Amino acid sequence: MASLYSCFVVGSLAVLLQFLFVSASTKSINAICQSVTDKAFCVNTLTAYPPAASATSTFQAAEAALSLSISYAGKSASFAANAANQNPNMKKQFAACKDAYATIIASIKSAAAELKESPDTANYDVMVCRDSSTIVKNLIRKNVDKDSKMLIKMTLMMERLLAIAVGATVAVGG
């Protein structure tokens with residue numbers, strides 16, 4: 001009988017801890033998404049991203065959101081670099097896009113480093129990334145080739161992730 005009771009207590013405790021864990025990450029994700037225009041996209045994105053979904057604090061979830069943005073910017077920079085190599089006629093345009101993405105990466109990394117001590121500065125660092133995404137769009141917006149079209153799509157997604165990153169800095173205190 002004592003063994004059955006122990007199993008019940010352990011099982012109940014596991015369910016309670018799981019509920020508290022999910023509740024903590026949901027609360028953190030909601031705090032980040034509160035100031036984001038597309039709340040559904042924000043919640044769905046962060047809930048699907050394991051480091052954010054498993055965060056036990058808003059700060060951890062914010063770090064995860066910034067990490068996700070850095071990762072996506074890196075993939076976009078690599079795509080732009082490959083496009084520059086494959087399209088000699090547009091090499092300069094794609095190389096400039098790669099450089100703009102490198103600037104985004106540097107700014108978000110700076111924001112991540114400043115998040116704890118100066119969330120306002122971190123917020124500024126993320127917000128200025130929009131300048132770089134605008135540069136990319138202006139460089140290739142009128143192009144009709146498939147690489148330009150794909151990079152425009154990637155840039156629009158980057159802007160959505162930047163909105164989440166801004167929300168993350170705001171949730172921490174920026």
Side-chain angles (χ1 to χ4, degrees), residues 20-84 92-141 150-174:
L20 292 174
F21 178 71
V22 170
S23 179
S25 66
T26 300
K27 186 176 177 182
S28 298
I29 289 171
N30 286 337
I32 290 170
C33 297
Q34 182 176 358
S35 63
V36 176
T37 303
D38 190 346
K39 288 178 181 43
F41 172 76
C42 180
V43 169
N44 291 337
T45 299
L46 293 179
T47 301
Y49 187 55
S54 65
T56 57
S57 69
T58 300
F59 184 79
Q60 286 180 348
E63 286 182 313
L66 294 175
S67 175
L68 178 61
S69 295
I70 291 167
S71 175
Y72 191 82
K75 290 175 184 167
S76 299
S78 293
F79 182 86
N82 289 335
K92 287 183 182 180
Q93 287 176 312
F94 285 123
C97 291
K98 181 197 147 294
D99 291 344
Y101 270 104
T103 301
I104 290 172
I105 293 166
S107 291
I108 301 171
K109 283 183 177 181
S110 177
E114 297 162 342
L115 188 60
K116 188 171 191 169
E117 297 299 320
S118 182
D120 287 338
T121 304
N123 180 273
Y124 176 80
D125 286 344
V126 174
M127 292 186 84
V128 299
C129 291
R130 289 298 294 251
D131 295 342
S132 295
S133 67
T134 299
I135 288 169
V136 172
K137 290 189 297 188
N138 288 342
L139 283 165
I140 60 172
R141 169 187 335 217
M150 177 56 81
L151 193 54
I152 285 290
K153 287 179 183 179
M154 294 174 84
T155 302
L156 295 174
M157 177 60 77
M158 185 76 246
E159 289 179 342
R160 295 176 87 186
L161 293 173
L162 288 173
I164 294 172
V166 169
T169 63
V170 169
V172 172

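None of these values were measured; they are calculated from a predicted model.
Atom NZ of K137 sits in a crowded spot, with more than 12 heavy atoms from other residues, nucleotides or ligands closer than 6.0 Å. Crowding of Y124 atom OH: a count of heavy atoms from other residues, nucleotides or ligands under 6.0 Å not exceeding 12.
Within the 3.5 Å criterion, the main-chain N or O of T26 finds a donor-acceptor partner in the side chain of N30. In this structure, S78 contributes its side chain and G74 its backbone to a donor-acceptor pair below 3.5 Å. Listed for the T47 side chain is a donor-acceptor partner under 3.5 Å among the backbone atoms of V43. Checking side-chain atoms of K39 against main-chain N and O of Q34 turns up a donor-acceptor pair under 3.5 Å. In this structure, the side chain of S71 does not engage the main chain of S67 through any donor-acceptor pair within 3.5 Å. No side-chain donor-acceptor contact under 3.5 Å links S132 to the backbone of V128.
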Before you tell me yes or no, could you show the steps for I164 and F41 under side chain to side chain contact (heavy atoms under 4.5 Å, CB included), namely the whole-Å CA-CA distance, both residues' side-chain angles and the distance that decides it to 0.1 Å?
CA-CA 9 Å; I164 294 172; F41 172 76; 3.7 Å; yes
Kindly determine whether T155 and Y101 satisfy side chain to side chain contact (heavy atoms under 4.5 Å, CB included), including the steps that lead there.
CA-CA 9 Å; T155 302; Y101 270 104; 2.8 Å; yes
Let's go through V126 and L66 carefully: what are the C-alpha distance in whole Å and the side-chain angles of both, what is the deciding distance for side chain to side chain contact (heavy atoms under 4.5 Å, CB included) to 0.1 Å, and is it a yes or a no?
CA-CA 9 Å; V126 174; L66 294 175; 3.9 Å; yes
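In terms of heavy atoms, A62 sits closest to I32 at N-CD1, 3.6 Å. Of all non-hydrogen atoms in I108 and S69, the two that sit nearest each other are CD1-CB, 3.7 Å. The shortest non-hydrogen separation linking L139 to Q93 is O-NE2, 2.9 Å.
Partner of D125 under the side-chain hydrogen bond (donor to acceptor under 3.5 Å, both in side chains) criterion, chosen from S118, S110, S107: S110.
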